[in-house]
Amino acid sequence: MNELGAKYNPSEVEDKWYKWWLDNKFFHSEPDSREPYTIVIPPPNVTGILHMGHVLNNTLNDVLIRKARMDGKNACWVPGTDHASIATENKVVQKLKSEGINKEDLTREEFLAHAWKWKEEHGGIILKQLRKLGASCDWDRTRFTMEPALSEAVINTFVHFYRKGWIYKGIRMVNWDPVALTAVSDDEVVHKDTKSHFYHLRYYISDGKGNPTDKFLVIATTRPETIMADAAICVNPADERHHWLRGKKVLIPLINREIPVIEDDYVEMDFGTGCLKVTPAHDVHDYEIGLRHKLPVLEIIDDHGRLNEKAEILIGEDRFVARKKIVKLLEEAGNLVKVEDYTSPVGYSERTDAVIEPKLSSQWFLKMEALAKTALETVESGRTRFIPERYINTYRHWMENARDWCISRQLWWGQRIPAWYLPDGSVVVEPNAEKALEAARKLNPDLTAADIHQDEDVLDTWFSSWLWPISVFDPELPGNPAHEPNADLKYYYPTSDLVTGPDIIFFWVARMIMAGEEFMGREPFSNVYFTGIVRDKLGRKMSKTLGNSPDPLDLIATYGADSVRIGMLLCSSAGNDILFDVSQIEQGRNFCNKIWNSYRLLKGLKVADVPQESVAASAVKWFSSKLSQTIRTVEDHYSKFRISDALMAIYKLFWDDFCSWYLEAVKPAYVDGVQQPLDSGTYRCSLEFFDSLLRMIHPVMPFITEELWQDLKERGESETIMYAKTPAAGKVDEAFLASFSAAQEAIAGVRAVRNSKNIPPREKLSLEIKGEFDASLVPLVEKLAGVGEVKMVDELGDGGINFMVGTVEMSVPLSGLVDVAEEIEKTEKEIQRYEGFLAGVRKKLSNEAFISRAPEAVVASERKKEADALSKLESLRSQLNSLKNKK
RNA sequence: GGGCGCAUAGCUCAGUUGGUUCAGAGCACCUGCCUUACAAGCAGGGGGUCGGCGGUUCAAAUCCGUCUGCGCCCACCA
């Protein structure tokens, strides 16, 4: 250890210990006879870089895993990354574009080669960054959702569900992202209120031969560019205004195509004009109406969001350009009645921010009904607990309304769907090409490999990450019923706790539960701890574009990882948003220094075989109880996942109780500039206490605690605080804690007198105490309050400044310095306060209903309050009298 | 529109089954201190009608209703 400077320097310490932990494989876990404690990391995107949300999540994970390790469990934290198909493919496409390469000019294989290369070069940076934070992941177990074994698991589960009849291919209206050129799930669409216009258009009634009459109806639409795809005009059957339209046909403006007027309850009579244009190919609801009324489906928008030749006009124009142009055309043709400003929610792609285009396409779906039902039961039965509990409501709502999961994505980066098409259009689903050919030949023996072709789509990323708690241990198991779970899976599954954000409760948490139940027959984790979202001081979500997100690595470099961890935890209660501010990290840094300096004090003490002073004896007795008491509190907090409360309890124990009280009480005085020695017994106890404190705070502050713990005494070569035991609570002497706390109040009272009268610390005061007081603590009062003499008296003397500790009266004699008028005023105020209090208590006690109905204990306590108040008032009044006499 | 949640000190939040003096903590703030561990510190101090109204109860920050303000999720009336 370096010379102990007055400031803790984390940069000298952190890398050293992290490397040592790694070298000694302290993070590594293998199954053994101990109870397992398992966490799987929420795998960050392989291309991701560390942001404050990761810091929060992984700090919590690391605190839990380190605590479990010190509790004697076999702790295993499995790290890894997610291939994140859409996000990663986007990044690769962008990168290629910047090099002048278009994805469309590449073959699938070429593109994937680029993507893998990029992944090898830049992937997994985030895992390196996590080490800076102190994360004690078992790096030997690092996984990647697209590594061969895990990809195989994904394919096997697809085959599994297909054979079960739960996977089907269907034509559905999907959310089409015209930029990423893929369908995205409902959950990946964000609706934003968007300013647009409401166009009122005139559709003329046809004379039956395709010619307009002079009669017309008016529809209101936000998407005039889709009128060419209209299949009908729909009105509500109950709407008498439109009954004259029954059986009529109308003409689509500009192209004059004839479409029928139909009736459907779906149409709101009082919205718009009560007439709805039905465009089955380009609107979800219209599609459903179309199905009910067997309307033809005409697609006029292509994958890129441009009008195609079926539109007849404006062919090749982008949908938004087409909108502007068609409005002009409609106006010229006399079909535009009016334009209103209108704000409506529009769906945007979460990934590309493109406006989602509802589009009919052929997609693969997984039936949710049975899976959702089981997964709901898992949580409702309490086999998986949510913290905070209220998220169960959100979860239930989703599970009861779960729609079939669209699992195909029109991307290349991901697990390719294991479906092969035969020339006759039939499909075989098999784990690989060989088996597919085999299966195909059963249908048609003449087929060769060249005759069948694999589906071009890949699977949704969540279709792989839902296997994570299983596949990181035994990727062969999912979808492979004949496979016996391996030793790792048997030992580590189900995992213990999952820490994640509530934003992915459906994407990921729910689906992991489904997969867990499906493939393992039980829940994947016992507890799910939902963190809040990290926001800035002003409550804004941290984001790159706002520039309000500090770089965690900069923070770690400036303040140290321990400080960053503390800063993060201080403001994080489960489920609440985290308002992050650097000042919290400064608080962490200050705490590091406090710990550091308390150790400097301990180390600098002279020790000798001298008798133990009574102050030291009572301090040791007190802190021993205080420590045990706090250990209990902390354990209770941990058991309820109240991590920041646990931290705060240890923080106060370390700073207030240990540093401000215990060390000050024990610290030997200087006599003529020479530090007196401390007796070796007290010294030993102090080191023990310090050791306990380090172990208590280690899960939160791994680096500084290892540094000091190693220096505290001679350690074995591979002895680490990581595996030291969580301190156990011993006996708590409640009575003594109470006595000590009275002494503390007495000391604070004297100090307050000193402060208000500007009496320098060196000047000794004396103190009179009237009432019960633990005599063994008199020396403590003398030492810490700078009191020369404590007198136990029957009556307080005149001419002092008085205060009370509970019902005990105390006085600091200060003839000459006392401002009598001020003391009178102070005392009168006190009397007033107690009179008010007494009146309240007496009102209660005189209430017959209270006496008869409230529990006896409550009544008794009120009586005690009354008695205490009376006794206080009595002494206050006598003080007041003597003060007045003096005047 | 449907659902969930929040409102307590300047800020961030505890407050468990209604009942000990229950109105708390941390930070910030104010005053005084360069006291041989630490000024990134020490000692002391001020500060809130528990969002409004109504109800239940002997008793409400706590339970119920309602209003106001805010947040999140789900669904989007073209």
Side-chain angles (χ1 to χ4, degrees), chain A residues 4 6-8 186-187 191 198 219-223 234 266-268 270-273 275-279 283-286 342 344-347 388 390-394 396-398 401 502-503 505-506 533 537 539 559 563 570-573 575-581 583-584 586-605 636 640 642 644-645 648-649 651-652 659-660 663-664 667 670 673 675 747-748 751-756 758 760-762 786 806 837 841 844 847-855 857-862 864-865 868-869:
Chain A
L4 285 177
K7 305 263 188 285
Y8 167 60
D186 291 342
D187 311 297
H191 292 271
F198 216 11
I219 59 100
T221 179
T222 54
R223 301 204 61 191
C234 189
Y266 170 78
V267 180
E268 300 280 335
D270 47 10
F271 188 84
T273 60
C275 295
L276 170 72
K277 75 185 207 51
V278 183
T279 318
D283 182 278
V284 181
H285 295 111
D286 291 6
Y342 185 63
S344 63
V346 172
R390 67 182 141 87
Y391 281 110
I392 201 171
N393 294 318
T394 324
R396 182 185 304 112
H397 184 258
W398 193 73
N401 298 289
D503 47 335
I505 186 167
F506 311 132
I533 291 164
K537 213 176 162 180
Y559 297 97
S563 305
L570 276 175
C571 55
S572 64
S573 43
N576 285 343
D577 280 358
I578 314 286
L579 269 65
F580 175 82
D581 186 54
S583 72
Q584 290 149 351
E586 286 173 6
Q587 198 184 339
R589 176 199 57 189
N590 296 353
F591 187 39
C592 287
N593 268 325
K594 192 66 189 178
I595 294 173
W596 185 256
N597 278 296
S598 63
Y599 184 66
R600 283 178 74 210
L601 171 66
L602 277 179
K603 247 210 143 174
L605 288 173
D636 183 55
K640 292 167 183 156
R642 303 171 70 131
S644 62
D645 288 344
M648 192 42 72
Y651 178 92
K652 285 195 271 191
C659 293
S660 299
L663 286 179
E664 290 302 327
K667 191 163 74 177
Y670 279 76
Q675 190 190 31
I747 292 162
R751 284 170 174 171
V753 170
R754 201 184 274 283
N755 230 298
S756 69
N758 262 318
R762 288 176 198 286
F837 176 71
V841 173
K844 257 190 183 176
N847 183 343
E848 208 174 300
F850 173 73
I851 302 290
S852 57
R853 294 198 199 182
V858 175
V859 177
S861 96
E862 288 302 311
K864 175 151 192 317
K865 281 188 214 169
D868 285 356

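All chains are named by letter (A, B, ...) in the order of the sequence lines, taking the proteins before the strands, and each is independently numbered beginning at 1.
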How far does the C1' atom of B:U17 sit from the matching atom of B:A28, given to the nearest Å?
35 Å
Write down the distance separating the P atoms in B:A14 and B:C6, rounded off to the nearest Å.
9 Å
Paired nucleotide for B:U36 [Watson-Crick or G-U wobble; both distances under 3.5 Å]:
none
Quick one, A:Ile505 with A:Trp398, criterion side chain to side chain contact (heavy atoms under 4.5 Å, CB included). Give me CA distance, side-chain angles, the key distance, then yes/no.
CA-CA 10 Å; A:Ile505 186 167; A:Trp398 193 73; over 6 Å; no
Go ahead and name the base partner of B:C22; Watson-Crick or wobble counts if both distances stay under 3.5 Å, otherwise write none.
none
Using the C1' atom as the reference point in each nucleotide, state the distance between B:A25 and B:G48 in Å, no decimals.
14 Å
Please state how far atom CZ in A:Phe506 lies from atom P in B:C4, giving the value in whole angstrom units.
13 Å
Selection from B:G5, B:C74, B:A78 that lies nearest to any side-chain heavy atom of A:Arg390:
B:G5
Derivation and outcome, side chain to side chain contact (heavy atoms under 4.5 Å, CB included), residues A:Met648 and A:Leu570:
CA-CA 7 Å; A:Met648 192 42 72; A:Leu570 276 175; 3.4 Å; yes
Work out how far the C1' atom of B:G52 is from that of B:C33, and round it to whole angstrom.
46 Å
More 5' along RNA chain B: A:Cys275 or A:Glu862, using each one's nearest nucleotide?
A:Glu862
Just name whichever nucleotide pairs with B:C76, Watson-Crick or G-U, keeping both distances under 3.5 Å, else none.
none
Please state whether the phosphate of B:C13, meaning OP1 or OP2, lies under 4.0 angstrom from any side-chain nitrogen or oxygen of A:Ser644.
no
If you compare every side-chain N and O of A:Tyr670 against the phosphate oxygens of B:A37 (OP1, OP2), does one of them come in below 4.0 Å?
yes
Of all the choices, B:C27, B:C73, B:G19, which nucleotide is nearest to the side chain of A:Ala854 once you look at every atom?
B:G19
Separation of B:G5 atom C1' from A:Asp503 atom CG, nearest Å, is 16 Å
Where the side chain of A:Asn393 is concerned, which of B:G5, B:A37, B:C74 is the nearest nucleotide?
B:G5
Sidechain-backbone polar pair: A:Arg396 side chain, A:Tyr391 backbone, donor-acceptor under 3.5 Å:
no
Donor-acceptor pair, distance only, cut-off 3.5 Å: does the side chain of A:Asn597 make one with the backbone of A:Ala6?
yes
Pairing partner of B:U31 (Watson-Crick or G-U wobble, both distances under 3.5 Å):
B:A43
Should A:Tyr8 be listed as having a side-chain N or O under 4.0 Å from OP1 or OP2 of B:G41?
no
Candidates B:G19, B:G26, B:C38 - which lies nearest the side chain of A:Lys652
B:G26
How would you label the contact of A:Pro855 with the nucleic acid (heavy atoms, under 4.0 Å): base, sugar-phosphate, or nothing?
base
Indicate, with a heavy-atom threshold strictly under 4.0 Å, whether A:Phe591 touches base, sugar-phosphate, or nothing.
nothing
Describe the nucleic acid contact of A:Cys234 in one word from base, sugar-phosphate, nothing, applying a heavy-atom distance below 4.0 Å.
nothing
Nearest to the side chain of A:Thr221 - B:A78, B:C27, B:C4?
B:A78
Would you classify A:Ser852 as touching base, sugar-phosphate or nothing, given that sugar-phosphate means primed atoms plus P, OP1 and OP2, and contacts are heavy atoms under 4.0 Å?
nothing
With nearest nucleotide decided by heavy atoms, which residue, A:Lys640 or A:Val284, maps closer to the 5′ end of RNA chain B?
A:Lys640
Watson-Crick or G-U wobble mate for B:C53, both contacts under 3.5 Å:
B:G65
Mind checking the C1' distance from B:A61 to B:U49? Whole angstroms is fine.
12 Å
Touch class at under 4.0 angstrom, heavy-atom based, for A:Tyr342 against every strand present
sugar-phosphate
Taken to the nearest whole Å, CZ/A:Arg762 to C1'/B:A43 is 15 Å
Any strand counts, and the cut-off is 3.5 Å on both contacts for Watson-Crick or G-U wobble. Which nucleotide pairs with B:G71?
B:C4
Identify whether any heavy atom of A:Ala748 sits under 4.0 Å from a base atom; if not, whether one sits that close to sugar-phosphate; answer base, sugar-phosphate or nothing.
sugar-phosphate
So what does A:Ser583 hit on the nucleic acid, given a heavy-atom distance under 4.0 Å: a base, only sugar-phosphate, or nothing?
nothing
When you measure from the side chain of A:Arg600, which nucleotide among B:G26, B:G5, B:C38 comes out closest?
B:C38
With a 4.0 Å limit, can you tell me whether A:Asn590 has a side-chain N or O closer than that to the phosphate oxygens OP1/OP2 of B:G41?
yes
Between B:G71 and B:C77, how far apart are the two P atoms, rounded to whole Å?
23 Å
Think A:Arg751 has a side-chain N or O under 4.0 angstrom from the OP1 or OP2 of B:G44?
yes
Between the side chains of A:Arg390 and A:Asn393, is a donor N or O closer than 3.5 angstrom to an acceptor N or O?
no
Check: A:Asp283 side chain, A:Asp286 main-chain N or O, donor-acceptor pair, under 3.5 Å
yes
Could you check whether A:Gly673 gets within reach of a base, just the sugar-phosphate, or nothing at all, counting any heavy atom under 4.0 Å?
base
Touch class at under 4.0 angstrom, heavy-atom based, for A:Ala752 against every strand present
sugar-phosphate
Please work out if A:Gln587 contacts a base, only the sugar-phosphate, or nothing of the nucleic acid, heavy-atom cut-off 4.0 Å.
sugar-phosphate
Would you call the rings of A:Trp596 and A:Tyr8 parallel, tilted or perpendicular if under 30° counts as parallel and over 60° as perpendicular?
tilted
Using Watson-Crick or G-U wobble geometry with both distances under 3.5 Å, which nucleotide pairs with B:A60?
none
Just call it for A:Asn593: base, sugar-phosphate, or nothing, with non-hydrogen atoms closer than 4.0 Å on any strand.
base
If you check every side-chain atom of A:Asn755, which of B:A43, B:C27, B:C74 has the closest atom?
B:A43
Using a 4.0 Å heavy-atom cut-off across all strands, classify A:Lys277 as base, sugar-phosphate, or nothing.
nothing
Using the C1' atom on both, measure B:C50 against B:A40 and round to a whole Å.
34 Å
Whole-Å distance, A:Ile595 CD1 to B:G41 C1', equals 15 Å
Base B:A37 to side chain A:Glu664, donor-acceptor N/O within 3.5 Å cut-off:
yes
Separation of atom NZ in A:Lys603 from atom C1' in B:A37, rounded to whole Å:
13 Å
Taking B:A43, B:C76, B:G26 as options, the one with an atom nearest any side-chain atom of A:Met648 is B:G26
Measuring to OP1 and OP2 of B:A59, would you say a side-chain N or O of A:Lys844 lies under 4.0 angstrom away?
no
What is the distance from CZ of A:Phe850 to P of B:G18, rounded to the nearest Å?
16 Å
Side-chain N,O (A:Arg642) to OP1/OP2 (B:C13) below 4.0 Å
no
Measuring only the P atom in each nucleotide, how far is B:A7 from B:C63? A whole number of Å is fine.
11 Å
Separation of B:C11 atom P from A:Asp581 atom CG, nearest Å, is 14 Å
So, does A:Lys7 get its side chain near the phosphate of B:A37, meaning an N or O under 4.0 Å from OP1 or OP2?
no
What is the distance, rounded to the nearest whole Å, between atom CG of A:Leu663 and atom P of B:U36?
17 Å
